J.: 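Could you have a look at this structure, given as structure tokens, before my questions?
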Amino acid sequence: MSKISPAIKIKIQNEDFDISEETKILHQNNTGAIVNFVGVVRGYDEKNDQIINSMVLEHYPGMTEAEIEKIIIGSYKRWELTGVTVIHRIGKLKPSDQIVFVGVSSKHRQNAFDACNFIMDWLKTKAPFWKLEENNNIKNWVEFNDTDNQALKKWEK
Amino acid sequence: MSKISPAIKIKIQNEDFDISEETKILHQNNTGAIVNFVGVVRGYDEKNDQIINSMVLEHYPGMTEAEIEKIIIGSYKRWELTGVTVIHRIGKLKPSDQIVFVGVSSKHRQNAFDACNFIMDWLKTKAPFWKLEENNNIKNWVEFNDTDNQALKKWEK
Amino acid sequence: MIIKYFSWIKEHIGKSEEQIDLPNYITNVNLLINYLNELDEKYNIIFEKKELIKIAVNKTYSSFDTNISNSDEIAFFPPVTGG
Amino acid sequence: MIIKYFSWIKEHIGKSEEQIDLPNYITNVNLLINYLNELDEKYNIIFEKKELIKIAVNKTYSSFDTNISNSDEIAFFPPVTGG
């Protein structure tokens, strides 16, 4: 966990999160628009045609927080944000569990949409997390999806 | 209020809303991504260089719900959504109050981002609501902002 | 026919709704506006710049040449400012 | 030098972290990989397709020609799959 300023919050945690509470924190002076993304564990892996009973998320402690912090600071300037929160869960998760929260506040709505969308695209391709899908005794490290790389490219200026 | 199907919810109400509760409702089978937009009353009108103490929102009962329902049904197909909730508050609101909630769930994140962004752009230009800003004895009907019209155009196929 | 007004139009007319009996020859929104303009000059300011007025017939966005009859509900309002 | 491994690379190596003493002539990531490949053949599968491996030096994304020294922390991992 690190809390860089009152308006930037980064947490890597096992516990679930409460979206209402997180939204309150994003509510700063001058905020007119808040966009939240919530990622949910799905119970089915389409690529491998496989039901998922649970998954385990591992990450690279220290690097994760540092890289997320860098990307948030860049987003702050680009979209004139008033707050950013990134929460990513690790450890064992089950289908329909919340896995990731990206919340962004700004004076204007399009900036909030774009910044939240960009940070999610970035997390998918750059934040050092890895998913191990489990189905009884079958364990399968999820493979990187190249369409995520394409998604990130749309933010290149 | 109208609740068209388990996964579509439209409410025009005086009361505040709870984002966590609304997000749970959006959490359907097959949902992988939820995007929420929360609009917040700002305490300052930049156009008129005017502090806002409160505002009153009026709408056209019946037409509001019907028009929102139409746009949601169109979005459902276009972005393969699993749930949509639109809540818009009416009556007297104060700066930093939540005014509007648009929540969208989908299998894939870009669809959720786009659908939520589109519905917000649509609400801003087409949903029959009107804001009266109040500052002591000065009352001022907010003027339509033409940049909102431009924003909606980006969704034309 | 029920006519509804919202926002500053409602304040200018002094009521949110009125009932009028439509003569037979009033068959579309444009003709209704001409009729109201002649009925009372309070309508003139509202319909002075018609391009700034939005119209709904039976709670659906409509235009100046939309057909109407005595059983319809018409609404006149300024561009919307919610969200 | 500390070397960290994640995901299937960690499982293949059989540990998440190891400490090695870097000879002086190992001055960048490429040379380290050659060194490991000669040390034990378990490394070969990992570095067989180098374009599939991501590298961090001191917790920052780096490349095969990034300079390294014995006091650095290096990590090898597959493309990420969080979010």
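Just so it is clear, the model here is predicted, and its values are computed rather than measured. In what follows, every heavy atom counts, from backbone to side chain, and hydrogens, waters and symmetry copies are set aside. To find a chain, count down the sequence lines: A is the first, B the second, and so on, and within it residues start at 1.
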J.: Is atom CD of A:E143 surrounded by more than 12 heavy atoms (other residues, nucleotides or ligands) closer than 6.0 Å?
T.: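 Atom CD in A:E143 is not crowded, with 12 or fewer foreign heavy atoms closer than 6.0 Å.
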
J.: Do other residues, nucleotides or ligands put more than 12 heavy atoms under 6.0 Å from the CD atom of D:E17?
T.: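 More than 12 heavy atoms, drawn from other residues, nucleotides or ligands, come within 6.0 Å of this atom.
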
J.: If you draw a 6.0 Å radius around CG in D:D40, do more than 12 non-hydrogen atoms from other residues or ligands fall strictly inside?
T.: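 Yes, CG of D:D40 has more than 12 neighbouring heavy atoms, counting only those of other groups under 6.0 Å.
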
J.: Which atoms of A:K126 come close to chain D, meaning under 4.5 Å heavy atom to heavy atom: side chain ones, backbone ones, both, or neither?
T.: both

J.: Between A:I99, A:L123, A:V142, which has the largest tally of heavy atom pairs under 4.5 Å with chain D?
T.: A:V142

J.: Any idea which heavy atoms bring A:E67 and D:T60 closest together, and the distance?
T.: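 That closest heavy-atom pairing would be OE2-CA, 3.9 Å.
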
J.: With a cut-off of 6.0 Å (strictly less than), are more than 12 heavy atoms of other residues, nucleotides or ligands near NZ of A:K131?
T.: yes

J.: Just wondering, do A:W130 and D:T81 contact through their side chains at under 4.5 Å, heavy atoms?
T.: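 They are in side-chain contact.
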
J.: As an exercise, state the distance from OH of A:Y60 to OG of D:S7, rounded to the nearest 0.5 Å.
T.: 14.5 Å

J.: Assess whether atom NZ of D:K54 is packed by more than 12 heavy atoms of other residues, nucleotides or ligands within 6.0 Å.
T.: no

J.: Quick one, A:M63 and D:N58 - any side-chain contact, counting heavy atoms below 4.5 Å?
T.: no

J.: Which residues pass the side chain to side chain donor-acceptor pair (under 3.5 Å) test with D:D65, not counting sequence neighbours?
T.: D:S63

J.: Considering all heavy atoms of both residues, which atom of D:Y61 and which atom of A:A127 are nearest to each other, and what is their separation?
T.: OH-N, 4.4 Å

J.: Please name the pair of heavy atoms, one in D:F6 and one in A:H59, separated by the smallest distance, quoted to 0.1 Å.
T.: CE2-O, 3.3 Å

